Colleague: 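Below you will find the structure I want to go over with you.
The shown structure was predicted, so the numbers you read here are calculated from the model rather than taken from an experiment.
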Amino acid sequence: MKLYPEYKGLNLPEIDKEVMKNWEAHQVFEKSVDQRPDDKRWVFYEGPPSANGMPGIHHVMSRAIKDLFCRYHTLKGYRVERKGGWDTHGLPIELSVEKELGITKDDIGKTISIEDYNARCKETVMRFKAEWDDITRKMGYWVDLHNPYITYENEYIESVWFLLEKLHDKGLLYKGYTIQPYSPAAGTGLSSHELNMPGAYKEVKDTTVVALFKVTRSENAAFLFDSDDEDVRIAAWTTTPWTLPSNTALSAGPEINYVKIKTTNPYTQTPVSVVMAKDLVSSWFGAKNQPAVESESSAFKGKELKGLRYEPLLDFGNPIESLLGGTDAYVVLTGDHVTTSDGTGIVHTAPSFGADDQRVAKANGVGTLTLVDQSGKFKDNVGPFSGRFVKDYKDEAEYAPVDIDIAILLKTEGKALNVQKYEHNYPHCWRTDKPVLYYPMDSWFVKTTAVKERMIELNKTINWKPAHTGEKRFGNWLENLQDWNLSRSRFWGVPLPIWRTEDGEEERCIGSIHELTQAIDEANEALGIKQYVPGDLHRPFIDDIVLVSSDGRPMKRETDLIDVWFDSGSMPYAQWHYPFENADVFKKNYPADFIAEGVDQTRGWFFTLHAISTMVFDSVAYKNVVSNGLVLDKNGQKMSKRLGNAADPFKTIEKYGADATRWYMLSNAQPWDNLKFDEEGIVESTRKLFSTLYNTYSFFALYANLDAWRAGDAQAPKVSDRPEIDRWILSRLHTLISEYRSDMDDFDVTTSCRRIEQFVNDHLSNWYVRLNRRRFWKGELSDDKRAAYATLYECLLTLSQLISPVAPFFSDWMFQNLTGAEDHHKESVHLSDLPQPNDSFIDKALTRRMDYAQQISSLILSIRKKEKLRVRLPLRRILLPVLNDQFQTDVENVKNLILSEVNVKDIEYITDTTGIVSKKAKPNFKTLGKRLGKHMKTAAGLIQGMGQEAIAAFEKSGSFAIEIDGENVSLDREDIEVISEDIPGWQVASEDGITVALDISLDDALISEGLARELVNRIQNLRKSSGLEVTDRISVTVEPVEGIEKAISGFGDYIKTETLADALKTGSVSPEHKIDWLEGEEIGIQLN
RNA sequence: AGUCUCGUAGCUCAGUUGGUUAGAGCGCUACACUGAUAAUGUAGAGGUCGGCAGUUCAAAUCUGCCCGAGACUACCA
């Protein structure tokens, strides 16, 4: 039986399936968690995905990141539990249900009951759960899907209520009347998170109007009037003409300079005087198609305009609505929000439809007009515009923009100075794509501003990857924090557990089912009704519950739901149903050591976790956070179903395997940079890493099986007794382990991956294995061979561990192959312990020596190439100028490697190089630059111009004097580097200060040996092509072309040993056995 | 509009505290090597380090402005 399985080829997708079977059969994931101690935890929080859409390739990216750091810490011995979760509430689900049922928000509660509607939502939300579970398995993401937290479950909701009650108790929950972004099409207010969804702000072309507000004569307005009948008007620009009927004030900047322009109204051709900011006059006057400035008054400050009265612009006889008691209207105010960057320096103020407007109106006792209803239509008291949608909210076939009709009316009445189209950014509802209105709404808020400073402070203790996302992006967001608008006027979500009396005087926040039960009992008794705690805490059941106030009045629930982001931000507590159950479990798992999501979650989940944790527990919720960038297509375009450039994660994994996909995604670029996803890159990862490792393993397995060599071989020499090259690769390996650990501890997986690739390709495969091949296949199981096996085995086994976080399948496959024959083998690499670097194996001098060997070999090969001397042709000697003793000692240690690599007989050192080697002097800019400053250039010229004698003298004395600006400067050894450049009369190559020469003279012996090697090569090729086993013995007949007789007589034994030939003779060979020989000739070789 | 990140070879990316011939891999061309080979070696082509100015003896690296990309923030009417 073979100790190490051998394979016909590498098939990564097949390996995935095999390994997955093993994991499931032996419950490897569960064991990998359970075998680690309870008191050494590394806590991970899973950001819950929503299963109402298909998983995309970007999910593979973010989940690969989560998975790999969890696996890495598991390997390090931590207990890393990963409780899965599902995000189940929210507007996207409601909207998709509305769409399927062909209903709108208005129909809910009318044509369909809330109960049926919510039942439908609950059904829809897990629609793609099977696909999600499937991709989770196939990509190798280890997460506990058997006991996930689900945000719609009563237990989860109860925990959320607990948190809300805490906030309520701390006075951090309040009801306010504010101007909120509102989507008439979706029928709901939008949170700032939603407004910040990608693509919410769109470039739109709107009709803009500079409206003219007629100033009423009064004592303090007198300075504006040159005569009694002068028509003085204040110009205000707006991009939302539909708000003009609701205008109740104008705002000016107190310190801005204004002027009055006499001109002619361009639409009515009547004389008019226009007031606007001085700096903006040129924007509206004087150019082509603009009215001319007939005269300009001297400038006056905005504060002089304060308190002036004007006539309503469009008066439909509506009474002014009170705002905090204020009912004043049609008055000029001043405010700092007014600027002169565009418009006229006067802001049209409609307090119902703008946050700034409302603020300044409130402060000045000005009332408001709300002439638009919640469906986005004018109310029926707006004259000719009554009942019309202010924007095209219903996709009406013949929608006529009301803005244009308002503009026309203003033009004809002489109330417009300018009407034009204007392109600007305006927020849109992220689901309906319709423009948002700013609308006065009753809302519940979380007073996050009250804990702003603490949140900033705590944020500084969080380790963000990359750092700037935390410091800048998240930090700036916290600096400008607004209160969190918590209310959602929807149906499918966590109900706000607040009951109020009708007048709002008394309110009660319920924090648990137990508390609700008591409150219901009280109410039942006081009000003489019969009601029970509903079995489902959702609407509509909870809506029916009536509680009782302290003075015996009924209290009804506030009908709002809460923002779904509060749901997911509650997961550290609610996933355990804390504090009602699992208080101990919660304590052990809070806060998290690690979370990871896309950078788009900065203001989403990252924020809500942080906010709730700060407010309720005065702690961070997570200590380390990795935020990854977007996954774009290979041209850097955003992936979208519409463009058809979205990569299908199922197909990708099916074709290339999960490991190559994961490895590519993480090694190609830092995860926080955007990834330009290109399948070619996966192919490259497969070739560079997985194929190479596979080949290296296959090589090992082939010979280890032949020799029946077992891992743990007690007779293998100690590392310190192994050959130089074994100690070298082990030194490299342990350096790699050490660097790997520090990179991974710093969450820098990309650097880790790249280091591993370099080790596998450059050091292990292309140097160690290549140079050591014959040690593995030649002769009996000697000590040297044992050393080679043990060394290569350790490299492969360690690599299987190092790559296992990123490539969980292939690594396990290789690990199983390597350890399957061991008596106490582990069921998986994921149950093993990550090795510690052994410092005694790390030898810097050895690394340096090997670098010399590689460099010298490379130089010799380039000379051979230039001289057209095949490597099989042995050459006599290498000449190597030695500039210091250390160099010679180093090279001497690796001499045999060099000689066999380049097929040369000997190295000769030239120690007294004077007169033989021509040299060059190089200035050391680093040391000299600081000392010489601006004389550096002159000095550099002098040093580079040093002749051979000057260099020789410098080498002897160690100092070189130059004269700069009449001053003598003495340079020493550290200032000038001497390198060898050429050896006149020899074939040389030189690089980085090392020069080598090659003796290319030949004699008969060398030529014969070269031919013998050629012959070995041809015979080996024939063996392989004729399908002989590596152990089969043969006899050979060779056609005696020129030189062959001599080669066989001189090197017959060598040829026979190399090719496992019992007999070797010359003789005639039939034509079908002819093969290519040197320089276009042919030779006949026959094997028997 | 503001803030942040970024711009290096055809492509994907490295490039330490500024130091003088700017690197790697892929791809391309040619020639080799190969009893692990969808691998490898050697050589070649390919760069005004986004642009302009400045600081400095010295700038891919530091500063300013501009151009371009992306993300975030924003109802400045």
Colleague: Determine the contact category for A:Thr239: base if any of its heavy atoms lies under 4.0 Å from a base atom, sugar-phosphate if only primed atoms, P, OP1 or OP2 are that close, otherwise nothing.
Modeller: sugar-phosphate
Colleague: Can you tell me, in whole Å, how much space there is between the C1' of B:G2 and that of B:C57?
Modeller: 40 Å
Colleague: Write out a two-atom table: protein N or O, nucleotide N or O from nucleotides 15-17 of chain B, distance below 3.5 Å.
Modeller:
| from | atom 1 | to | atom 2 | distance (Å) |
| --- | --- | --- | --- | --- |
| B:U17 | O4 | A:Lys926 | NZ | 2.8 |

Colleague: Students often get this wrong, so: under 4.0 angstrom with heavy atoms, is A:Gly681 touching a base, only sugar-phosphate, or nothing?
Modeller: nothing
Colleague: Please list each protein N or O that sits under 3.5 Å from an N or O in nucleotides 57-61 of chain B, with the distance.
Modeller:
| from | atom 1 | to | atom 2 | distance (Å) |
| --- | --- | --- | --- | --- |
| B:C57 | O4' | A:Gly933 | O | 3.3 |
| B:C57 | O4' | A:Lys934 | N | 3.2 |
| B:C57 | N1 | A:Gly933 | O | 3.0 |

Colleague: Report all interatomic pairs (protein N or O, nucleotide N or O of nucleotides 21-25 of chain B) with separations under 3.5 Å.
Modeller:
| from | atom 1 | to | atom 2 | distance (Å) |
| --- | --- | --- | --- | --- |
| B:G25 | O3' | A:Lys688 | NZ | 3.4 |
| B:G25 | O2' | A:Glu684 | OE2 | 2.9 |

Colleague: Report the residues that fulfil side-chain hydrogen bond (donor to acceptor under 3.5 Å, both in side chains) with A:Asn761, sequence neighbours left out, ordered by chain and then residue number.
Modeller: none
Colleague: At 4.0 Å (heavy atoms only), tell me whether A:Asn476 reaches a base, stays on the sugar-phosphate, or touches nothing.
Modeller: sugar-phosphate
Colleague: Is there a donor-acceptor contact under 3.5 Å linking the side chains of A:Trp464 and A:Asn459?
Modeller: yes
Colleague: So what does A:Ala669 touch, heavy atoms closer than 4.0 Å: a base, only the sugar-phosphate, or nothing?
Modeller: sugar-phosphate
Colleague: Could you go through nucleotides 67-70 of chain B and list every protein N or O atom that sits under 3.5 Å from one of its N or O atoms, giving the distance for each pair?
Modeller:
| from | atom 1 | to | atom 2 | distance (Å) |
| --- | --- | --- | --- | --- |
| B:G70 | O2' | A:Asn674 | ND2 | 3.4 |

Colleague: Give A:Thr469 one of three labels, base, sugar-phosphate or nothing, depending on what nucleic acid heavy atoms sit under 4.0 Å from its own.
Modeller: nothing
Colleague: List the residues meeting side-chain hydrogen bond (donor to acceptor under 3.5 Å, both in side chains) with A:Arg773, not counting sequence neighbours, and say none if there are none.
Modeller: none
